[in-house]
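A short worksheet on the structure shown next.
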Amino acid sequence: MKKNAPASTPSVPGDSRYSFFEDVWAVARLIPKGRVTNYGAIAKYLGTGLSARMVGWAMNACDKVKPKVPAHRVVNRNGMLSGKMHFSPPEAMQQRLEKEGIRIENDKVVDFKGKFWDPAIELS
DNA sequence: TAACTGACTCGGC
DNA sequence: AGCCGAGCCAGTT
């Protein structure tokens with residue numbers, strides 16, 4: 001039997017256990033097809049610019065979240081698919097990006113700056 | 001229970 | 001111009 005309120009309780013908006021993980025996933029899902037963003041932009045949009053690491057960590061758990069989160073559209077500030085090695089298979093990230101019109105070269109997003117999608121601006 | 005790591009980023013040297 | 005250290009939050013060992 002489960003405890004009263006385990007930390008693993010599904011977070012929902014309005015709940016005190018609502019962690020910014022949910023926000024990260026929400027923002028990630030808002031990323032338009034053919035666009036990419038970086039961890040810092042999301043973190044900053046959430047008000048925790050220094051927590052860019054956690055954004056990546058949230059992506060690690062994105063696979064267990066529903067609906068699926070387009071974590072492949074989130075890359076580091078260099079436009080490099082730093083998290084592709086965490087995909088399964090790793091090449092899936094690049095494959096999906098290319099499928100959406102994003103061109104990848106040497107594990108880096110081509111014209112990253114031009115395809116960059118900043119939630120702080122687009123959602124402002 | 002405490003400590004470390006981790007899909008990051010920025011500032012300083 | 002490149003390298004190093006510090007900060008953040010949560011999950012894992």
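Chain A is the first sequence line, chain B the second, and so forth, proteins listed ahead of strands; every chain is numbered from 1.
Note: CZ (A:F21) to P (C:dC8) measures 16 Å, nearest angstrom. Between A:Y39 atom OH and B:dC8 atom P the separation is 6 Å, expressed in whole Å. When the P atom of B:dA7 is taken as reference, atom CG of A:N78 falls 15 Å away, rounded to whole Å. Across the protein-nucleic acid pair, A:I42 atom CD1 and B:dT9 atom P stand 10 Å apart, rounded to whole Å. Note: CG (A:L46) to C1' (B:dT9) measures 15 Å, nearest angstrom. If you measure from atom CZ of A:F112 to atom P of B:dC8, you get 13 Å, rounded to the nearest angstrom. Protein atom CZ of A:R77 is 13 Å distant from nucleotide atom C1' of B:dG11, rounded to whole Å. Rounded to whole angstrom, the span from the CD atom of A:Q94 across to the P atom of B:dA7 amounts to 19 Å.
Listed nucleotides: C:dG7, C:dG11, B:dA7. Nearest to the side chain of A:W57: C:dG11. Comparing C:dC9, B:dT9, C:dC8 against the side chain of A:L50 picks out C:dC8 as the nearest. Closest to the A:A52 side chain, of the nucleotides B:dA7, B:dG6, B:dT9, is B:dT9. Nearest to the side chain of A:M54, among B:dT9, B:dA7, C:dC9, sits C:dC9.
Residues A:Y45 and A:L50 are members of separate hydrophobic clusters, defined by side-chain heavy-atom contacts under 4.5 angstrom among Ile, Leu, Val, Met, Phe, Trp and Tyr.
Within the 4.5 Å cutoff, the side chain of A:W117 has heavy atoms near those of the A:L30 side chain. A:I31 is not listed as a side-chain neighbour of A:V36, based on a closest heavy-atom distance of 4.5 Å or more. Within the 4.5 Å cutoff, no side-chain heavy atoms of A:S82 are placed close to those of A:V75.
Using C1' as the reference atom, B:dA7 and C:dC3 are 22 Å apart when rounded to the nearest Å.
A:T48 comes within 4.0 angstrom of no nucleic acid atom, judged by non-hydrogen atoms across all strands. A:N60 comes within 4.0 angstrom of a base, heavy atoms only.
Of the options A:K115, A:K33, A:R73, a side-chain hydrogen bond (donor to acceptor under 3.5 Å, both in side chains) to A:E100 is made by A:R73 and by none of the others.
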